Protein chains: 2
Amino acid sequence: MSLQPVPRGSAVDAVLEQMHEQVASGAWAVGDRIPGEHELSAVLRVSRPAIREAIRALSHVGVLEVRRGDGTYVRSAADPRPLLRRMERASLRDVFEVQLAYDVQAAKLAATRRTPDDLRRLEALLRDRDAAEDPAAFGEADSRFHLGVAETARNPLLTEAFRFFRHRLRESLSALREDRDLPEGGPAPHHAVLEAIAERDADAAGSAAARVVEPTLRALEEVL
Amino acid sequence: MSLQPVPRGSAVDAVLEQMHEQVASGAWAVGDRIPGEHELSAVLRVSRPAIREAIRALSHVGVLEVRRGDGTYVRSAADPRPLLRRMERASLRDVFEVQLAYDVQAAKLAATRRTPDDLRRLEALLRDRDAAEDPAAFGEADSRFHLGVAETARNPLLTEAFRFFRHRLRESLSALREDRDLPEGGPAPHHAVLEAIAERDADAAGSAAARVVEPTLRALEEVL
DNA sequence: GGGCGGTAGATGTCTGACATCTGGCAGGTA
DNA sequence: TACCTGCCAGATGTCAGACATCTACCGCCC
């Protein structure tokens, strides 16, 4: 007989898994009140703290909503966990392709909605980017400029999504140290983005934003 | 003296807030091991279960990583919580603009990478969409087609992001019952997307995908 | 009929203890 | 010297029970 690893995993994770299953399958529909903590504790044969930790984790991501003195309700069936896990092990190409989508849309909207103040702010950010010396400062300034464009799009949801993705992705990139010698198209493409935004030309801004990322993307394709 | 509301909020939320602060400020840097649960419990003057619930919530979203027998480490400084909260109260316009970014990028990539099998699958999905009778079935078939395009893009990160956003956004839309009489461009734009994908024309696919959403978007702008 | 107050049941929190795993160190062995 | 074994401190994992506090509901009283 062959040796097999003993089943591992914590009680809380098991509870988490089962709750997720209930929500995903529709057994617990959005809006429903789920069984109480004592009842779940009795049914699943785990202690109440274990139940509470699972509920806390799911309520933190908006799947559940706890109303003190009342009960716990299902708020959404979509758990961001698969997305978060995927983000940690995504390939560089996949990462850049998603970032590209955000950059293009942000640039297009920014071109439509920018104010004179926005323009001055973006110009300053771009100057900082051009002036950056060491790679760390450059990466920081680069992020600030891109985020500035996203904010100019006047779409809080887009801004927040952009911010989160960019933050996570820069982390995993620097962790892998794989951003060492990716080609950088130089300052020209970025200036083209700003110019198109200044002229309120949405299509040009979108194209310019695409051209910022595309050299890097193409280089990645060649490596594969 | 004026009456003031007593400070509300749970102990766990307060702990969560402080931990988030530590991570965001860099006091706890990525890779660091944070103080043990007993120590945190003593310092913050709350019980260990309260500490554990907060840690569990943050580890569920990938901010912390717990290694049993060893300690708890900071894994990422980016908390998806602001994004999730923003998603719940985003305006319809903002929602559609983000969705548009995904749709366009997915269509462009799908046009580049589609196989004959993909094409057959997408054709079947589009037929289902055309054949749907009641609004519920139509919404379902519509989602399936769009998700099918996203999967054809061969980018797991994009697919997962697309899936999550679409799921959440459809939920909040149906909750608000505001999708009642949004204009639907009819089947033509969707067929144009499929056609461009069939011809491997990325730019045409992107434009066609934009034209799917734009009528709805424009109608929203008018309402505002 | 409307406002009041009681009550059942839910979540919030704490205490203390024990179980189990991990990492590192000391000591033995080749 | 180099390596492996076994032990141990400290960390997280789990449990039990109790009490506090809030909410929704319902019956009572004015």
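Just so we're on the same page: letters track the sequence lines, and every chain starts at 1. Model, not experiment: these values are computed from the prediction.
Ionic pairing of B/Glu97 and A/Arg113 is present here: one or more N-O contacts between side-chain nitrogen and carboxylate oxygen are shorter than 4.0 angstrom. Between A/Arg166 and A/Asp142 there is a salt bridge, since a side-chain N of the basic residue sits under 4.0 Å from a carboxylate O of the acidic one. Remark: B/Arg85 does not engage B/Glu88 in a salt bridge, criterion side-chain N to carboxylate O under 4.0 Å. Classification of A/Arg121 and A/Glu151 as a salt-bridged pair holds, one side-chain N sitting under 4.0 Å from a carboxylate O. Using a 4.0 Å cut-off between charged side-chain N and carboxylate O, B/Asp94 and B/Arg89 make no salt bridge.
Rounded to an integer number of Å, the gap from CD of A/Glu39 to C1' of C/dT11 is 14 Å. What separates CD1 of A/Ile51 from P of C/dG12 is a distance of 14 Å, to the nearest Å. Nucleotide C/dG12 holds its C1' atom 14 Å from the CG atom of B/Leu16, rounded to whole Å. Atom CG in B/Leu40 sits about 11 Å away from atom P in D/dA11, given to the nearest Å. Going from atom NE2 of A/His38 over to atom P of C/dG9 covers 12 Å, rounded to whole Å.
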Within the sub-3.5 Å range, which N or O atoms of nucleotides 14-16 of chain D have a protein N or O partner, and how far apart are they?
{"residue": "D/dT14", "atom": "OP1", "partner": "A/Ala11", "partner atom": "N", "Å": "2.2"}
{"residue": "D/dC15", "atom": "OP2", "partner": "A/Ser47", "partner atom": "N", "Å": "2.9"}
{"residue": "D/dC15", "atom": "OP2", "partner": "A/Ser47", "partner atom": "OG", "Å": "3.0"}

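Classification of the B/His190-B/His146 ring pair by plane angle, with boundaries at 30° and 60°, yields perpendicular.
The stretch residues 68-75 of chain A comes close to DNA chain D through A/Arg68, A/Gly69, A/Asp70, each having a heavy atom under 4.0 Å from the strand. Of the residues in residues 26-34 of chain A, none lies under 4.0 Å from DNA chain D by heavy-atom distance.
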Got a list of side-chain donor-acceptor pairs under 3.5 Å for residues 21-31 of chain A, not counting sequence neighbours?
{"residue": "A/Ser25", "atom": "OG", "partner": "A/Glu21", "partner atom": "O", "Å": "3.0"}
{"residue": "A/Ser25", "atom": "OG", "partner": "A/Gln22", "partner atom": "O", "Å": "3.2"}
{"residue": "A/Ser25", "atom": "OG", "partner": "A/Ala27", "partner atom": "N", "Å": "3.3"}

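For an aromatic pair to be called close, the ring centres must be under 6.0 Å apart, and A/Tyr102 with B/Tyr102 satisfies this.
For B/Asp13, the side-chain hydrogen bond (donor to acceptor under 3.5 Å, both in side chains) partners at least two apart in sequence or on another chain are A/Arg56, B/Ser10. A search for side-chain contact (heavy atoms from CB on, under 4.5 Å) contacts involving A/His38 returns A/Arg48, not counting sequence neighbours.
In terms of heavy-atom proximity, A/Ser47 sits nearest to A/Ser41 at C-OG, 3.7 Å.
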